[in-house]
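Reading through the C-alpha coordinates given below for one structure.
A note on names: the letters A, B, ... follow the listed sequences, proteins ahead of strands, and every chain is numbered from 1. What you see is a predicted model; the values in this text were computed from it and never measured.
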Amino acid sequence: MPGAGTSVFPGTDTLIQASYFVTAVLFILGLKRMSSPVTARSGILWAGAGMLVATLVTFAYPGMSNYPLIGAAIVLGGALAWWTGKRVAMTNMPQMIALYNGMGGGAAAAIAAVELYRGGAGGYGEATLAVVGGLIGAVSFSGSAVAFGKLQGLIKRSFRFRGQQALNLLLLAAALLHAALLAGHFNDSPRVVTGLFAFALILGVSMTLPIGGADMPVVISLYNALTGLAVGLDGFVMHNAAMIVAGTVVGAAGTLLTQLMAKAMNRSIANVLFSGFGDTGTGPAGTVTGSLKPIEASDVGVMLAFAQKVIIVPGYGMAVAQAQHKIWELCQLLIDRGVTVRFAIHPVAGRMPGHMNVLLAEAGVPYDLIADLEEINAEFETTDVALIIGANDVVNPVARTDKSSPIYGMPILNADRAKNVIVIKRGQGAGFSGIENALFYLDNTRMLYGDARKAGAELIQAVKAVG
Amino acid sequence: MTGIVALYIFMLAAFTGYEVIARVPVILHTPLMSGSNFVHGIVLVGAMVALGNAHTPLEKTIGFIGVLLAAGNAMGGYVVTERMLEMFKSSRAGGKRPGAR
(Lines give C-alpha, C1' and ligand atoms only; values in the text may rest on other atoms or scores of the structure.)
Protein backbone atom coordinates (compact mmCIF):
# COMPACT_ATOMS: atom_id res chain seq x y z
CA MET A 1 0.00 0.00 0.00
CA PRO A 2 1.60 3.27 -1.08
CA GLY A 3 1.06 5.22 2.12
CA ALA A 4 -2.16 5.34 4.10
CA GLY A 5 -2.63 8.99 3.20
CA THR A 6 -3.16 8.45 -0.48
CA SER A 7 -5.02 5.31 -1.43
CA VAL A 8 -7.08 4.61 1.66
CA PHE A 9 -7.92 8.16 2.61
CA PRO A 10 -8.28 10.16 -0.55
CA GLY A 11 -9.06 13.80 -0.01
CA THR A 12 -10.15 15.36 3.22
CA ASP A 13 -13.68 16.44 2.95
CA THR A 14 -14.16 19.72 4.80
CA LEU A 15 -17.54 18.76 6.22
CA ILE A 16 -16.17 15.55 7.68
CA GLN A 17 -13.15 17.27 9.20
CA ALA A 18 -15.35 20.02 10.65
CA SER A 19 -17.71 17.42 12.11
CA TYR A 20 -14.81 15.54 13.71
CA PHE A 21 -13.62 18.80 15.20
CA VAL A 22 -17.05 19.42 16.71
CA THR A 23 -17.04 15.83 18.03
CA ALA A 24 -13.67 16.33 19.74
CA VAL A 25 -14.93 19.53 21.38
CA LEU A 26 -18.15 17.83 22.52
CA PHE A 27 -16.16 14.93 24.01
CA ILE A 28 -13.90 17.20 26.04
CA LEU A 29 -16.79 19.38 27.25
CA GLY A 30 -18.80 16.24 28.01
CA LEU A 31 -16.02 14.73 30.12
CA LYS A 32 -15.59 18.06 31.87
CA ARG A 33 -19.30 18.16 32.73
CA MET A 34 -19.13 14.55 33.91
CA SER A 35 -16.64 15.59 36.57
CA SER A 36 -19.26 17.47 38.63
CA PRO A 37 -22.38 15.84 40.09
CA VAL A 38 -24.58 18.79 39.08
CA THR A 39 -23.72 18.66 35.37
CA ALA A 40 -22.74 14.99 35.05
CA ARG A 41 -26.04 13.94 33.54
CA SER A 42 -25.74 16.43 30.69
CA GLY A 43 -22.09 15.47 30.13
CA ILE A 44 -22.91 12.05 28.75
CA LEU A 45 -25.57 13.60 26.50
CA TRP A 46 -23.01 16.01 25.03
CA ALA A 47 -20.51 13.23 24.46
CA GLY A 48 -23.28 11.08 22.98
CA ALA A 49 -24.20 13.85 20.54
CA GLY A 50 -20.56 14.03 19.50
CA MET A 51 -20.46 10.29 18.87
CA LEU A 52 -23.65 10.42 16.81
CA VAL A 53 -22.33 13.25 14.62
CA ALA A 54 -19.02 11.48 14.01
CA THR A 55 -20.67 8.15 13.18
CA LEU A 56 -23.15 9.70 10.73
CA VAL A 57 -20.64 11.78 8.77
CA THR A 58 -18.30 8.80 8.51
CA PHE A 59 -20.86 7.15 6.22
CA ALA A 60 -20.07 10.00 3.81
CA TYR A 61 -16.34 9.26 3.92
CA PRO A 62 -14.98 9.32 0.35
CA GLY A 63 -13.96 6.09 -1.34
CA MET A 64 -15.79 3.69 0.95
CA SER A 65 -17.59 0.49 0.06
CA ASN A 66 -19.03 -2.49 1.99
CA TYR A 67 -21.88 -0.33 3.34
CA PRO A 68 -24.20 -3.30 4.02
CA LEU A 69 -21.47 -4.95 6.07
CA ILE A 70 -20.81 -1.75 8.02
CA GLY A 71 -24.51 -1.23 8.69
CA ALA A 72 -25.01 -4.84 9.79
CA ALA A 73 -22.01 -4.75 12.14
CA ILE A 74 -23.16 -1.49 13.76
CA VAL A 75 -26.73 -2.70 14.22
CA LEU A 76 -25.65 -6.09 15.56
CA GLY A 77 -22.94 -4.80 17.93
CA GLY A 78 -25.02 -1.83 19.03
CA ALA A 79 -28.15 -3.87 19.67
CA LEU A 80 -26.30 -6.51 21.70
CA ALA A 81 -24.58 -3.86 23.81
CA TRP A 82 -27.81 -1.87 24.26
CA TRP A 83 -29.66 -4.98 25.37
CA THR A 84 -27.00 -6.11 27.85
CA GLY A 85 -26.35 -2.58 29.10
CA LYS A 86 -30.03 -1.99 29.88
CA ARG A 87 -30.49 -5.31 31.63
CA VAL A 88 -27.39 -5.53 33.81
CA ALA A 89 -27.84 -4.98 37.54
CA MET A 90 -26.08 -2.00 39.09
CA THR A 91 -23.92 -4.33 41.15
CA ASN A 92 -22.50 -5.82 37.96
CA MET A 93 -21.50 -2.50 36.42
CA PRO A 94 -17.73 -2.97 36.93
CA GLN A 95 -17.54 -6.07 34.78
CA MET A 96 -19.73 -4.48 32.09
CA ILE A 97 -17.31 -1.56 31.87
CA ALA A 98 -14.50 -4.10 31.56
CA LEU A 99 -16.41 -5.89 28.81
CA TYR A 100 -17.23 -2.80 26.73
CA ASN A 101 -13.71 -1.52 27.26
CA GLY A 102 -12.31 -4.80 25.98
CA MET A 103 -14.49 -4.47 22.89
CA GLY A 104 -12.96 -1.05 22.21
CA GLY A 105 -9.49 -2.53 22.57
CA GLY A 106 -10.42 -5.33 20.20
CA ALA A 107 -11.70 -2.81 17.66
CA ALA A 108 -8.45 -0.84 17.90
CA ALA A 109 -6.50 -4.05 17.36
CA ALA A 110 -8.73 -4.98 14.40
CA ILE A 111 -8.08 -1.63 12.70
CA ALA A 112 -4.34 -2.11 13.06
CA ALA A 113 -4.68 -5.70 11.84
CA VAL A 114 -6.50 -4.65 8.65
CA GLU A 115 -3.76 -2.10 7.92
CA LEU A 116 -0.97 -4.58 8.64
CA TYR A 117 -2.46 -7.53 6.73
CA ARG A 118 -2.89 -5.21 3.77
CA GLY A 119 0.87 -5.06 3.57
CA GLY A 120 2.08 -2.84 6.35
CA ALA A 121 1.16 0.75 7.03
CA GLY A 122 3.04 3.49 5.14
CA GLY A 123 6.43 4.63 6.39
CA TYR A 124 8.37 3.58 9.46
CA GLY A 125 6.57 6.08 11.67
CA GLU A 126 3.09 4.98 10.71
CA ALA A 127 4.02 1.32 10.79
CA THR A 128 5.38 1.75 14.31
CA LEU A 129 2.19 3.50 15.45
CA ALA A 130 0.07 0.76 13.87
CA VAL A 131 1.95 -2.14 15.50
CA VAL A 132 2.09 -0.46 18.92
CA GLY A 133 -1.60 0.48 18.72
CA GLY A 134 -2.47 -3.06 17.65
CA LEU A 135 -0.34 -4.61 20.38
CA ILE A 136 -1.83 -2.45 23.14
CA GLY A 137 -5.37 -2.89 21.82
CA ALA A 138 -5.00 -6.68 21.72
CA VAL A 139 -3.60 -6.84 25.28
CA SER A 140 -6.46 -4.64 26.47
CA PHE A 141 -8.97 -6.84 24.65
CA SER A 142 -7.94 -10.19 26.11
CA GLY A 143 -7.00 -8.71 29.49
CA SER A 144 -10.40 -7.01 29.85
CA ALA A 145 -12.11 -10.24 28.83
CA VAL A 146 -10.34 -12.05 31.69
CA ALA A 147 -11.20 -9.22 34.10
CA PHE A 148 -14.84 -9.58 33.04
CA GLY A 149 -14.70 -13.34 33.54
CA LYS A 150 -13.24 -12.98 37.01
CA LEU A 151 -15.73 -10.37 38.23
CA GLN A 152 -18.64 -12.25 36.69
CA GLY A 153 -17.52 -15.37 38.54
CA LEU A 154 -16.77 -17.32 35.35
CA ILE A 155 -13.11 -17.59 36.35
CA LYS A 156 -12.95 -18.42 40.02
CA ARG A 157 -9.27 -18.99 40.69
CA SER A 158 -6.21 -16.78 40.56
CA PHE A 159 -3.69 -18.74 38.53
CA ARG A 160 -0.27 -18.29 40.02
CA PHE A 161 2.84 -20.35 39.51
CA ARG A 162 6.57 -19.98 39.80
CA GLY A 163 8.14 -18.25 36.83
CA GLN A 164 4.94 -16.49 35.84
CA GLN A 165 6.68 -13.13 35.52
CA ALA A 166 9.40 -14.73 33.40
CA LEU A 167 6.72 -16.20 31.13
CA ASN A 168 5.03 -12.80 30.79
CA LEU A 169 8.35 -11.19 29.96
CA LEU A 170 8.99 -13.85 27.33
CA LEU A 171 5.55 -13.27 25.81
CA LEU A 172 6.15 -9.53 25.78
CA ALA A 173 9.55 -10.02 24.16
CA ALA A 174 8.03 -12.28 21.50
CA ALA A 175 5.29 -9.73 20.76
CA LEU A 176 7.83 -6.89 20.61
CA LEU A 177 10.07 -8.90 18.26
CA HIS A 178 7.19 -9.36 15.82
CA ALA A 179 6.30 -5.70 16.25
CA ALA A 180 9.85 -4.65 15.40
CA LEU A 181 9.89 -6.85 12.28
CA LEU A 182 6.71 -5.13 11.06
CA ALA A 183 7.61 -1.59 12.12
CA GLY A 184 10.99 -1.77 10.41
CA HIS A 185 9.45 -3.41 7.32
CA PHE A 186 11.94 -6.26 7.68
CA ASN A 187 9.20 -8.80 7.19
CA ASP A 188 5.63 -7.72 6.43
CA SER A 189 4.29 -11.22 5.80
CA PRO A 190 0.86 -12.12 7.19
CA ARG A 191 2.51 -14.78 9.37
CA VAL A 192 4.37 -12.12 11.31
CA VAL A 193 1.17 -10.08 11.73
CA THR A 194 -0.64 -13.14 13.04
CA GLY A 195 2.27 -13.83 15.40
CA LEU A 196 2.15 -10.31 16.78
CA PHE A 197 -1.55 -10.51 17.63
CA ALA A 198 -1.36 -14.08 18.94
CA PHE A 199 1.41 -13.21 21.41
CA ALA A 200 -0.32 -9.96 22.41
CA LEU A 201 -3.61 -11.76 23.10
CA ILE A 202 -1.91 -14.48 25.17
CA LEU A 203 0.04 -11.82 27.07
CA GLY A 204 -3.19 -10.03 28.03
CA VAL A 205 -4.64 -13.27 29.40
CA SER A 206 -1.53 -14.36 31.24
CA MET A 207 -1.00 -10.88 32.74
CA THR A 208 -4.52 -10.69 34.13
CA LEU A 209 -5.12 -14.26 35.36
CA PRO A 210 -2.95 -14.01 38.49
CA ILE A 211 -4.48 -10.70 39.63
CA GLY A 212 -6.99 -11.03 42.45
CA GLY A 213 -10.51 -9.60 42.47
CA ALA A 214 -9.60 -6.86 44.96
CA ASP A 215 -7.17 -5.37 42.47
CA MET A 216 -9.55 -5.50 39.52
CA PRO A 217 -10.62 -1.82 39.74
CA VAL A 218 -7.04 -0.74 39.13
CA VAL A 219 -6.66 -3.24 36.31
CA ILE A 220 -9.90 -2.24 34.56
CA SER A 221 -8.92 1.40 34.84
CA LEU A 222 -5.50 0.61 33.40
CA TYR A 223 -6.99 -1.27 30.45
CA ASN A 224 -9.39 1.63 29.92
CA ALA A 225 -6.40 3.96 29.63
CA LEU A 226 -4.60 1.49 27.35
CA THR A 227 -7.59 1.23 25.01
CA GLY A 228 -7.68 5.03 24.85
CA LEU A 229 -4.01 5.11 23.95
CA ALA A 230 -4.46 2.40 21.30
CA VAL A 231 -7.35 4.37 19.77
CA GLY A 232 -5.23 7.52 19.75
CA LEU A 233 -2.35 5.71 18.00
CA ASP A 234 -4.77 4.24 15.44
CA GLY A 235 -6.02 7.79 14.91
CA PHE A 236 -2.54 8.86 13.80
CA VAL A 237 -2.36 5.91 11.40
CA MET A 238 -5.77 6.76 9.95
CA HIS A 239 -5.24 10.55 9.95
CA ASN A 240 -8.38 10.86 12.03
CA ALA A 241 -8.24 13.85 14.38
CA ALA A 242 -11.33 12.83 16.36
CA MET A 243 -9.72 9.50 17.24
CA ILE A 244 -6.39 11.12 18.09
CA VAL A 245 -7.91 13.66 20.46
CA ALA A 246 -10.53 11.40 22.08
CA GLY A 247 -8.14 8.46 22.43
CA THR A 248 -5.31 10.51 23.88
CA VAL A 249 -7.60 12.37 26.30
CA VAL A 250 -8.93 9.05 27.60
CA GLY A 251 -5.42 7.60 27.72
CA ALA A 252 -4.19 10.44 29.92
CA ALA A 253 -7.32 10.66 32.08
CA GLY A 254 -7.36 6.90 32.55
CA THR A 255 -3.70 6.85 33.55
CA LEU A 256 -4.32 9.48 36.21
CA LEU A 257 -7.37 7.65 37.50
CA THR A 258 -5.38 4.41 37.67
CA GLN A 259 -2.68 6.15 39.69
CA LEU A 260 -5.23 7.66 42.08
CA MET A 261 -6.77 4.24 42.67
CA ALA A 262 -3.47 2.45 43.16
CA LYS A 263 -2.43 5.20 45.58
CA ALA A 264 -5.63 4.81 47.56
CA MET A 265 -4.70 1.16 48.04
CA ASN A 266 -1.15 2.13 48.97
CA ARG A 267 0.29 0.15 46.09
CA SER A 268 2.10 1.01 42.90
CA ILE A 269 0.62 0.03 39.56
CA ALA A 270 3.62 -2.24 38.97
CA ASN A 271 2.94 -3.92 42.30
CA VAL A 272 -0.67 -4.61 41.34
CA LEU A 273 0.36 -6.06 38.00
CA PHE A 274 3.36 -8.07 39.00
CA SER A 275 2.60 -9.51 42.41
CA GLY A 276 -0.49 -11.15 43.75
CA PHE A 277 -1.99 -9.48 46.80
CA GLY A 278 -0.63 -10.98 49.99
CA ASP A 279 2.67 -11.92 48.38
CA THR A 280 4.12 -8.73 49.79
CA GLY A 281 3.50 -9.58 53.44
CA THR A 282 5.48 -12.66 54.37
CA GLY A 283 4.94 -12.74 58.13
CA PRO A 284 1.96 -14.31 59.83
CA ALA A 285 -1.16 -12.33 59.00
CA GLY A 286 -1.09 -10.14 62.08
CA THR A 287 -1.50 -11.08 65.68
CA VAL A 288 -4.90 -10.04 66.90
CA THR A 289 -5.96 -10.25 70.52
CA GLY A 290 -9.44 -10.25 71.94
CA SER A 291 -12.56 -12.05 70.82
CA LEU A 292 -15.44 -11.55 68.43
CA LYS A 293 -18.55 -10.39 70.29
CA PRO A 294 -21.84 -11.11 68.55
CA ILE A 295 -24.96 -8.97 69.00
CA GLU A 296 -28.68 -9.32 68.17
CA ALA A 297 -30.43 -7.09 65.64
CA SER A 298 -32.94 -5.90 68.24
CA ASP A 299 -30.14 -4.51 70.40
CA VAL A 300 -28.58 -2.77 67.43
CA GLY A 301 -32.00 -1.28 66.60
CA VAL A 302 -32.22 0.33 70.03
CA MET A 303 -28.66 1.58 69.78
CA LEU A 304 -29.32 3.16 66.38
CA ALA A 305 -32.69 4.63 67.34
CA PHE A 306 -31.25 6.53 70.29
CA ALA A 307 -28.02 7.59 68.63
CA GLN A 308 -27.38 11.19 67.69
CA LYS A 309 -25.03 10.47 64.85
CA VAL A 310 -24.59 7.33 62.78
CA ILE A 311 -22.03 6.79 60.03
CA ILE A 312 -22.62 3.98 57.56
CA VAL A 313 -19.54 2.38 55.99
CA PRO A 314 -20.62 0.25 53.02
CA GLY A 315 -18.38 -2.26 51.29
CA TYR A 316 -18.51 -5.06 48.78
CA GLY A 317 -20.73 -7.13 51.09
CA MET A 318 -23.50 -4.59 50.59
CA ALA A 319 -23.16 -4.91 46.82
CA VAL A 320 -23.21 -8.71 46.90
CA ALA A 321 -26.32 -8.79 49.10
CA GLN A 322 -28.01 -6.00 47.08
CA ALA A 323 -28.68 -4.42 50.46
CA GLN A 324 -28.55 -0.75 49.43
CA HIS A 325 -32.35 -0.31 49.32
CA LYS A 326 -32.89 -1.84 52.76
CA ILE A 327 -30.06 0.19 54.22
CA TRP A 328 -31.48 3.43 52.84
CA GLU A 329 -34.91 2.52 54.17
CA LEU A 330 -33.31 2.02 57.58
CA CYS A 331 -31.53 5.37 57.28
CA GLN A 332 -34.75 7.15 56.38
CA LEU A 333 -36.35 5.78 59.55
CA LEU A 334 -33.40 7.04 61.57
CA ILE A 335 -33.45 10.46 59.89
CA ASP A 336 -37.15 10.75 60.72
CA ARG A 337 -36.23 10.14 64.34
CA GLY A 338 -33.77 13.01 64.18
CA VAL A 339 -30.59 10.95 63.91
CA THR A 340 -27.82 12.47 61.81
CA VAL A 341 -26.90 9.86 59.21
CA ARG A 342 -23.98 9.98 56.82
CA PHE A 343 -22.33 7.52 54.49
CA ALA A 344 -18.54 7.21 54.49
CA ILE A 345 -17.04 5.94 51.26
CA HIS A 346 -13.50 4.67 51.04
CA PRO A 347 -11.88 5.32 47.64
CA VAL A 348 -11.52 1.61 46.92
CA ALA A 349 -14.63 0.28 48.66
CA GLY A 350 -16.31 -2.28 46.44
CA ARG A 351 -14.77 -3.25 43.14
CA MET A 352 -14.33 0.14 41.53
CA PRO A 353 -13.81 3.68 42.75
CA GLY A 354 -17.23 5.16 43.25
CA HIS A 355 -18.86 1.71 43.10
CA MET A 356 -20.63 2.33 46.41
CA ASN A 357 -21.81 5.76 45.32
CA VAL A 358 -23.47 4.30 42.29
CA LEU A 359 -25.27 1.67 44.36
CA LEU A 360 -26.38 4.20 46.95
CA ALA A 361 -27.54 6.54 44.22
CA GLU A 362 -29.56 3.67 42.77
CA ALA A 363 -31.28 3.23 46.11
CA GLY A 364 -32.10 6.96 46.14
CA VAL A 365 -29.57 8.20 48.69
CA PRO A 366 -28.97 11.90 48.02
CA TYR A 367 -25.32 12.47 47.20
CA ASP A 368 -24.92 15.19 49.81
CA LEU A 369 -25.26 12.57 52.55
CA ILE A 370 -22.29 10.74 51.10
CA ALA A 371 -18.80 11.74 52.18
CA ASP A 372 -15.25 10.94 51.08
CA LEU A 373 -12.57 9.60 53.36
CA GLU A 374 -10.81 12.94 53.96
CA GLU A 375 -14.11 14.69 54.47
CA ILE A 376 -15.47 12.40 57.17
CA ASN A 377 -12.55 10.78 58.94
CA ALA A 378 -12.40 13.41 61.70
CA GLU A 379 -16.10 12.90 62.41
CA PHE A 380 -15.86 9.32 63.65
CA GLU A 381 -14.72 10.49 67.07
CA THR A 382 -18.04 12.29 67.62
CA THR A 383 -20.08 9.43 66.18
CA ASP A 384 -22.26 7.20 68.34
CA VAL A 385 -22.50 4.26 65.98
CA ALA A 386 -20.35 3.33 63.00
CA LEU A 387 -22.30 0.73 61.02
CA ILE A 388 -19.96 -1.34 58.84
CA ILE A 389 -21.85 -3.16 56.10
CA GLY A 390 -19.76 -5.76 54.35
CA ALA A 391 -16.60 -3.65 54.41
CA ASN A 392 -13.40 -5.09 55.77
CA ASP A 393 -9.91 -4.05 54.72
CA VAL A 394 -10.86 -0.39 54.32
CA VAL A 395 -11.61 -0.12 58.06
CA ASN A 396 -8.79 -2.33 59.34
CA PRO A 397 -6.74 -0.34 61.86
CA VAL A 398 -3.64 -2.49 61.30
CA ALA A 399 -3.11 -0.32 58.23
CA ARG A 400 -2.15 2.42 60.70
CA THR A 401 -0.21 0.34 63.19
CA ASP A 402 1.21 -2.93 61.89
CA LYS A 403 4.27 -2.33 59.71
CA SER A 404 4.43 -5.99 58.66
CA SER A 405 0.91 -5.94 57.23
CA PRO A 406 0.53 -5.85 53.45
CA ILE A 407 -2.00 -3.06 53.80
CA TYR A 408 0.23 -0.99 56.11
CA GLY A 409 0.07 2.68 55.12
CA MET A 410 -3.20 2.41 53.21
CA PRO A 411 -5.48 5.26 54.24
CA ILE A 412 -8.45 3.78 56.10
CA LEU A 413 -11.73 5.02 57.50
CA ASN A 414 -11.22 5.53 61.24
CA ALA A 415 -14.36 3.63 62.18
CA ASP A 416 -12.57 2.21 65.24
CA ARG A 417 -12.72 5.68 66.82
CA ALA A 418 -16.51 5.74 66.95
CA LYS A 419 -18.13 5.10 70.33
CA ASN A 420 -19.76 1.91 69.08
CA VAL A 421 -18.92 -0.13 66.01
CA ILE A 422 -21.44 -2.57 64.55
CA VAL A 423 -20.13 -4.90 61.85
CA ILE A 424 -22.64 -6.62 59.59
CA LYS A 425 -20.83 -9.59 58.12
CA ARG A 426 -21.81 -12.90 56.61
CA GLY A 427 -19.30 -15.08 58.39
CA GLN A 428 -16.10 -15.04 60.35
CA GLY A 429 -13.75 -15.14 57.35
CA ALA A 430 -11.07 -12.58 56.63
CA GLY A 431 -11.38 -9.88 53.95
CA PHE A 432 -10.33 -10.09 50.33
CA SER A 433 -6.71 -9.55 51.27
CA GLY A 434 -6.89 -12.47 53.71
CA ILE A 435 -5.81 -10.27 56.60
CA GLU A 436 -7.45 -10.54 60.01
CA ASN A 437 -9.29 -7.34 60.87
CA ALA A 438 -8.25 -5.95 64.24
CA LEU A 439 -11.35 -3.73 64.26
CA PHE A 440 -13.60 -6.74 64.77
CA TYR A 441 -11.83 -7.61 68.03
CA LEU A 442 -12.01 -4.17 69.66
CA ASP A 443 -13.90 -3.67 72.92
CA ASN A 444 -16.38 -1.25 71.33
CA THR A 445 -17.13 -3.57 68.38
CA ARG A 446 -20.07 -5.95 68.08
CA MET A 447 -20.66 -8.40 65.24
CA LEU A 448 -24.08 -8.77 63.63
CA TYR A 449 -23.76 -11.92 61.55
CA GLY A 450 -25.87 -12.44 58.47
CA ASP A 451 -26.52 -11.41 54.90
CA ALA A 452 -26.53 -7.61 54.67
CA ARG A 453 -30.01 -7.40 53.14
CA LYS A 454 -31.53 -9.68 55.76
CA ALA A 455 -29.73 -7.82 58.52
CA GLY A 456 -31.01 -4.54 57.08
CA ALA A 457 -34.61 -5.83 57.14
CA GLU A 458 -34.18 -7.01 60.74
CA LEU A 459 -32.77 -3.65 61.77
CA ILE A 460 -35.73 -1.86 60.16
CA GLN A 461 -38.11 -4.00 62.23
CA ALA A 462 -36.00 -3.41 65.33
CA VAL A 463 -36.01 0.37 64.91
CA LYS A 464 -39.75 0.38 64.23
CA ALA A 465 -40.29 -1.72 67.37
CA VAL A 466 -38.61 0.98 69.44
CA GLY A 467 -41.53 3.19 68.44
CA MET B 1 -0.28 16.18 9.16
CA THR B 2 3.41 16.56 9.84
CA GLY B 3 5.05 14.58 12.60
CA ILE B 4 5.77 17.53 14.85
CA VAL B 5 2.22 18.90 14.63
CA ALA B 6 0.91 15.43 15.44
CA LEU B 7 3.22 15.35 18.45
CA TYR B 8 1.86 18.72 19.63
CA ILE B 9 -1.73 17.49 19.29
CA PHE B 10 -0.81 14.37 21.28
CA MET B 11 0.84 16.45 24.03
CA LEU B 12 -2.02 18.95 24.32
CA ALA B 13 -4.69 16.24 24.29
CA ALA B 14 -2.81 14.36 27.02
CA PHE B 15 -2.71 17.46 29.25
CA THR B 16 -6.39 18.07 28.54
CA GLY B 17 -7.28 14.55 29.67
CA TYR B 18 -5.19 14.94 32.80
CA GLU B 19 -6.73 18.30 33.70
CA VAL B 20 -10.31 17.28 32.96
CA ILE B 21 -10.18 14.45 35.45
CA ALA B 22 -7.92 16.12 38.04
CA ARG B 23 -10.80 17.78 39.89
CA VAL B 24 -13.32 14.96 39.83
CA PRO B 25 -14.79 13.93 43.20
CA VAL B 26 -14.49 10.28 44.17
CA ILE B 27 -18.25 9.76 43.92
CA LEU B 28 -18.03 10.26 40.17
CA HIS B 29 -15.05 8.00 39.54
CA THR B 30 -17.03 5.00 38.30
CA PRO B 31 -19.36 7.01 36.05
CA LEU B 32 -16.40 8.97 34.72
CA MET B 33 -14.42 5.82 34.02
CA SER B 34 -17.50 4.55 32.24
CA GLY B 35 -17.87 7.87 30.42
CA SER B 36 -14.26 7.85 29.23
CA ASN B 37 -14.81 4.23 28.21
CA PHE B 38 -17.67 5.51 26.04
CA VAL B 39 -15.51 8.28 24.57
CA HIS B 40 -12.89 5.87 23.25
CA GLY B 41 -15.79 4.21 21.45
CA ILE B 42 -14.88 6.79 18.77
CA VAL B 43 -12.75 3.90 17.53
CA LEU B 44 -15.99 3.12 15.68
CA VAL B 45 -15.28 5.72 12.98
CA GLY B 46 -11.83 4.24 12.41
CA ALA B 47 -13.26 0.75 12.21
CA MET B 48 -15.92 1.92 9.75
CA VAL B 49 -13.28 3.44 7.47
CA ALA B 50 -11.12 0.32 7.76
CA LEU B 51 -14.04 -1.93 6.79
CA GLY B 52 -15.13 0.51 4.11
CA ASN B 53 -11.74 0.11 2.46
CA ALA B 54 -11.35 -3.64 2.99
CA HIS B 55 -11.01 -5.79 -0.12
CA THR B 56 -9.91 -9.34 0.65
CA PRO B 57 -12.18 -11.67 2.63
CA LEU B 58 -9.65 -11.61 5.50
CA GLU B 59 -9.67 -7.80 5.64
CA LYS B 60 -13.46 -7.77 5.47
CA THR B 61 -13.79 -10.32 8.26
CA ILE B 62 -11.43 -8.48 10.59
CA GLY B 63 -13.01 -5.16 9.64
CA PHE B 64 -16.48 -6.51 10.36
CA ILE B 65 -15.38 -7.76 13.79
CA GLY B 66 -13.76 -4.36 14.38
CA VAL B 67 -16.95 -2.41 13.62
CA LEU B 68 -19.03 -4.87 15.65
CA LEU B 69 -16.79 -4.52 18.71
CA ALA B 70 -16.51 -0.75 18.34
CA ALA B 71 -20.28 -0.34 18.08
CA GLY B 72 -20.59 -2.43 21.23
CA ASN B 73 -18.04 -0.25 23.01
CA ALA B 74 -19.85 2.96 22.04
CA MET B 75 -23.41 1.78 22.64
CA GLY B 76 -22.68 -0.19 25.81
CA GLY B 77 -20.54 2.60 27.23
CA TYR B 78 -23.31 5.11 26.61
CA VAL B 79 -26.16 3.05 28.05
CA VAL B 80 -24.25 2.09 31.18
CA THR B 81 -22.94 5.61 31.84
CA GLU B 82 -26.35 7.14 31.30
CA ARG B 83 -27.98 4.67 33.66
CA MET B 84 -25.46 5.46 36.35
CA LEU B 85 -25.64 9.22 36.00
CA GLU B 86 -29.43 9.18 35.92
CA MET B 87 -29.33 8.21 39.57
CA PHE B 88 -27.31 11.15 40.78
CA LYS B 89 -29.53 13.62 42.46
CA SER B 90 -29.24 15.84 45.49
CA SER B 91 -31.73 15.80 48.34
CA ARG B 92 -32.29 19.51 47.71
CA ALA B 93 -32.95 19.08 44.02
CA GLY B 94 -36.28 17.32 44.35
CA GLY B 95 -34.99 13.90 45.29
CA LYS B 96 -37.30 11.66 47.28
CA ARG B 97 -37.39 13.06 50.77
CA PRO B 98 -36.81 10.71 53.67
CA GLY B 99 -40.12 9.52 54.99
CA ALA B 100 -41.75 9.46 51.60
CA ARG B 101 -42.36 5.79 52.09
Side-chain angles (χ1 to χ4, degrees), chain A residues 8 27 31-32 34-35 37 40-41 44 48 54 58 61 64 66 69-70 73-74 77-78 81-82 85 96-97 100-101 103-104 106-108 110-111 113-114 224 227-228 231 234 238 242-243 245-246 248-250 252-253 256 332 335-336 347 352-355 357-358 361-362 364 366 368 372, chain B residues 6 9-10 13-14 16-18 20-21 23-24 26-27 29-30 32-37 39-53 58-59 62-82 84-85 87-88 90-91 95-96 98-99:
Chain A
V8 184
F27 278 168
L31 281 175
K32 175 92 190 125
M34 270 186 252
S35 62
R41 181 86 174 74
I44 185 66
T58 304
Y61 219 90
M64 299 238 296
N66 299 331
L69 274 180
I70 295 176
I74 291 180
W82 190 84
M96 292 318 281
I97 297 177
Y100 299 137
N101 173 56
M103 293 173 92
I111 292 172
V114 170
N224 186 43
T227 303
V231 171
D234 278 354
M238 310 204 78
M243 280 170 75
V245 173
T248 311
V249 164
V250 172
L256 175 61
Q332 284 173 311
I335 291 168
D336 285 349
M352 298 192 92
H355 191 187
N357 306 83
V358 171
E362 185 201 15
D368 40 8
D372 291 354
Chain B
I9 294 177
F10 185 78
T16 306
Y18 201 87
V20 158
I21 206 180
R23 289 174 207 90
V24 66
V26 175
I27 70 162
H29 274 184
T30 296
L32 191 79
M33 185 196 291
S34 182
S36 60
N37 175 39
V39 165
H40 67 53
I42 191 67
V43 70
L44 176 60
V45 303
M48 286 169 71
V49 175
L51 177 56
N53 289 285
L58 177 69
E59 286 171 23
I62 300 174
F64 184 83
I65 295 171
V67 176
L68 186 90
L69 292 175
N73 180 185
M75 180 59 89
Y78 184 85
V79 169
V80 163
T81 311
E82 212 234 353
M84 271 191 258
L85 290 177
M87 297 178 304
F88 279 86
S90 140
S91 60
K96 249 189 289 172

Judged by modelled atom types alone, do A/N357 and B/T30 share a side-chain donor-acceptor pair under 3.5 Å? no

Any side-chain heavy atom of A/M243 within less than 4.5 Å of one from A/I111? yes

One pair to check against side chain to side chain contact (heavy atoms under 4.5 Å, CB included): A/I74 and B/V67. What are the steps and the verdict? CA-CA 6 Å; A/I74 291 180; B/V67 176; 3.6 Å; yes

Which of A/L256, A/V231, A/V358 touches chain B most, by non-hydrogen pairs under 4.5 Å: A/L256

Of all heavy-atom pairs between B/V79 and A/W82, which one has the smallest distance, and what is that distance? CG2-CD1, 3.4 Å

Interface moiety of B/L58 toward chain A, non-hydrogen atoms closer than 4.5 Å: side chain

Looking only at B/N37, B/T16, B/L51, most heavy-atom pairs under 4.5 Å shared with chain A are made by B/N37

Turns out that what part of B/L44 lies under 4.5 Å from chain A's heavy atoms comes down to side chain

Out of B/I65, B/V39, B/V80, which one racks up the most heavy-atom pairs below 4.5 Å with chain A? B/V39

Choice from A/A81, A/S35, A/A110 maximising heavy atom contacts with chain B below 4.5 Å: A/S35

Contact winner vs chain B - A/T227, A/V245, A/D234, heavy-atom pairs under 4.5 Å: A/T227

Which one, A/A107, A/A108, A/A113, leads in non-hydrogen pairs under 4.5 Å with chain B? A/A107

Please round to the nearest 0.5 Å and tell me the distance separating atom CG of A/N66 and atom CD of B/E59. 10.0 Å

If you measure from CG on A/N224 to NE2 on B/H40, what distance do you get to the nearest 0.5 Å? 4.0 Å

Please look at A/N101 and chain B and tell me whether the side chain, the backbone, both or neither of the residue comes under 4.5 angstrom of a heavy atom of that chain. both

Considering non-hydrogen atoms only, spot the tightest contact between B/L85 and A/A40 and give its length. CD1-O, 3.2 Å

Heaviest contributor of heavy-atom pairs below 4.5 Å to chain A, chosen from B/T81, B/V20, B/N73, is B/N73

